[in-house]
2 protein chains.
Amino acid sequence: MRTDSGPRRSAAGRPAGPQPAKRQAILEAAVAVFLREGYTRASVDVIADEARVSKQTVYNHFGDKERLFIAAVEEERERVAAGFAAGSPDAPGPDAPGPDGTEPDGTEPGEAYDDGDARTALIHFGHRVLAVLLDERASALRRLVIAEVARHPSLRPACAEGEPQRLVTHLAELLGRRTARGELTVPEPATAARQFVALIVQQGLYQSMYGTCPLADAQATAVCESAADLLVRAYRP
Amino acid sequence: MRTDSGPRRSAAGRPAGPQPAKRQAILEAAVAVFLREGYTRASVDVIADEARVSKQTVYNHFGDKERLFIAAVEEERERVAAGFAAGSPDAPGPDAPGPDGTEPDGTEPGEAYDDGDARTALIHFGHRVLAVLLDERASALRRLVIAEVARHPSLRPACAEGEPQRLVTHLAELLGRRTARGELTVPEPATAARQFVALIVQQGLYQSMYGTCPLADAQATAVCESAADLLVRAYRP
DNA sequence: TAATTGGACTGGACGGGCTAGTCCATTGCA
DNA sequence: TGCAATGGACTAGCCCGTCCAGTCCAATTA
């Protein structure tokens, strides 16, 4: 019996079905616990406690541990995707103590990186990709999905291609524009984009998977610069 | 009570300590079950059954589920490393129904790929790397370690860098030789090698992690060829 | 050769602990 | 008053790790 932040008033006094606020609290707790413990070790009781909700309420809302799990992964996936769409790794969430100085300028979401020379634009793009992909929660989600996808096939489709595919598309457009401008000569922008993303992402993903140190800034810069150098060198006009 | 393959006679009539054959059987069963089920779901009883051994024997040999797990991962890791060292994904094992025609010629283990032009050599190398890295058991081991490394930190060091590092070293030497021969101009072979491996490996690893289709031959060829093209284009003399 | 010894192994039972999911009497907003 | 939510008890089940009576066998002893 808590008395803090009353859950029952959902803004406008609606007739109140199964309280969406509760549902959200459960989802967030579920995300936290599943990311922390994995599917099997996560206990529904702990999730209920952490959501400040009775276990029965959990079952009323989701019916099943499995379905709760799927919903939690979906939830977190959307959160990550939103952060990605915003071009910034820290989406609206209770975490993210403050914007660290990785991105001083206020570049807009889907910005085109069309200022400066190609090398600079590529490096800039690379840093953005790394910031989004190596966000700690995104990494934890990735590890969780990899661990469980074999036993919960419904986790597969969205994540398997979604993440990188949009990056590749954006970058291909960038390369196309640079080619049109005569600054580069990229015969197959789609392929080149896929390759650049692979160059940027591989080491960081590897380290985030195995929980090694999360890719120091110096490493990230080296990766981005050498990848940009390779592309510029290959596709100089 | 089984009567098959008498376990007690270990070649020469040794005084018989804790039977190594049993230990090996347990390890192999443990590898199979852990790869199949993951750490938490794997049950010691099932492992014992699968090893045709009493549960007590398992505890006599390994003492603990945790230690059995570590030993099993180590075992499988060595198996994979051996397969890698042999340059062929299928090491001595009961599986591998037959050598499929991916590697018609009998190239030796640490061969130098010095025949043909650079592009061909790179493509050849890339295919080799993919064959080793995407071997089904190696992939399953990777997924298992990723899933459990957070809770069993002793799994980390060997695998985190071991696998790709040796590939990179080999390739750097190849690039150095080609540069010395005047066929390419690679200013930093180590960096270029790391980049090439990233290009080759990224997509396949991604698919093997998420259990998508295991990278069709056509895809593999496309990846290898475009990666080789990129390097040759960037480093043409 | 025959009996004995001792260690590895078996198989089945069991304690203690944890978990998914259900049930229900009660509470407290709207 | 009605409906969501509560919380705690409860069932049924799985699993780790231990225990133990008994088997099997190589080496040793008589």
Side-chain angles (χ1 to χ4, degrees), chain A residues 1-27 29-30 33-34 36-72 151-152, chain B residues 1-27 29-30 33-34 36-72 151-152:
Chain A
M1 177 191 304
R2 302 149 311 89
T3 51
D4 58 312
S5 64
R8 214 49 81 90
R9 55 180 144 73
S10 52
R14 219 77 47 64
Q19 299 296 114
K22 296 281 179 187
R23 186 189 163 91
Q24 195 57 29
I26 296 170
L27 268 184
V33 175
F34 280 130
R36 197 170 66 219
E37 309 277 358
Y39 179 79
T40 312
R41 298 167 131 103
S43 129
V44 177
D45 295 73
V46 170
I47 292 173
D49 284 1
E50 210 137 311
R52 313 283 218 153
V53 145
S54 123
K55 179 155 70 155
Q56 187 59 51
T57 305
V58 173
Y59 280 97
N60 285 344
H61 278 273
F62 296 95
D64 211 76
K65 185 184 182 181
E66 167 113 12
R67 272 178 287 180
L68 173 59
F69 178 64
I70 304 290
R151 239 141 351 238
H152 307 271
Chain B
M1 179 187 304
R2 303 152 307 89
T3 52
D4 57 311
S5 63
R8 214 46 82 93
R9 55 179 144 73
S10 50
R14 216 81 45 67
Q19 300 295 113
K22 296 280 177 186
R23 187 189 163 91
Q24 195 57 30
I26 296 170
L27 267 184
V33 176
F34 280 129
R36 196 169 69 219
E37 308 278 358
Y39 179 79
T40 313
R41 298 167 131 103
S43 129
V44 177
D45 295 72
V46 171
I47 292 174
D49 284 1
E50 210 137 312
R52 311 283 219 153
V53 145
S54 126
K55 180 156 67 155
Q56 187 60 50
T57 303
V58 174
Y59 281 97
N60 284 344
H61 277 274
F62 296 94
D64 210 73
K65 185 184 182 182
E66 167 112 12
R67 273 177 287 181
L68 173 59
F69 177 64
I70 304 291
R151 246 152 335 249
H152 307 272

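Note that the coordinates shown come from a computational prediction; the quantities given were computed from them, not determined experimentally. Protein chains get the first letters and strands the later ones, always in sequence-line order, with residue 1 at the start of each.
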* Is there side-chain contact between Ile26(B) and Arg23(B), with at least one heavy-atom pair below 4.5 Å? -> no
* Structure fact -> For nucleotides 15-22 of chain C, 5' to 3', base contacts (B), sugar-phosphate-only contacts (S) and non-contacts (-) with protein non-hydrogen atoms under 4.0 Å give ----SSBB
* Side-chain heavy-atom pair Tyr39(B), His152(B) within 4.5 angstrom cut-off -> yes
* Asked: What distance separates Lys55(A) NZ from Asp49(A) CG, expressed to the nearest 0.5 Å?
  -> 10.0 Å
* To do: Would you mind reading off the distance between Lys22(A) atom NZ and dA4(D) atom C1', rounded to a whole angstrom?
  => 9 Å
* To do: Using a cut-off of strictly less than 4.0 Å, decide whether Ser54(A) has a side-chain nitrogen or oxygen near OP1 or OP2 of dG7(D).
  => no
* Structure fact -> Taken to the nearest whole Å, CZ/Arg52(A) to P/dG7(D) is 11 Å
* His61(B) side-chain N/O to dC9(C) phosphate OP1/OP2 under 4.0 Å -> yes
* Asked: How close or far is atom P of dC16(D) from atom CG of Asn60(B), stated in whole angstroms?
  -> 16 Å
* State, with a plain yes or no, whether a side-chain heavy atom of Ile70(B) is found less than 4.5 Å away from one of Phe62(B). => no
* Between dC9(C) atom C1' and Arg23(B) atom CZ, what is the distance in whole Å? -> 16 Å
* Under the side-chain hydrogen bond (donor to acceptor under 3.5 Å, both in side chains) test, which residues partner Glu50(B), sequence neighbours left out? -> Arg36(B)
* Structure fact -> Closest heavy-atom pair, Leu68(B) versus Phe34(B), reported as atoms and distance to 0.1 Å, is CG-CE1, 4.2 Å
* Structure fact -> Whole-Å distance, Phe62(A) CZ to dA4(D) C1', equals 15 Å
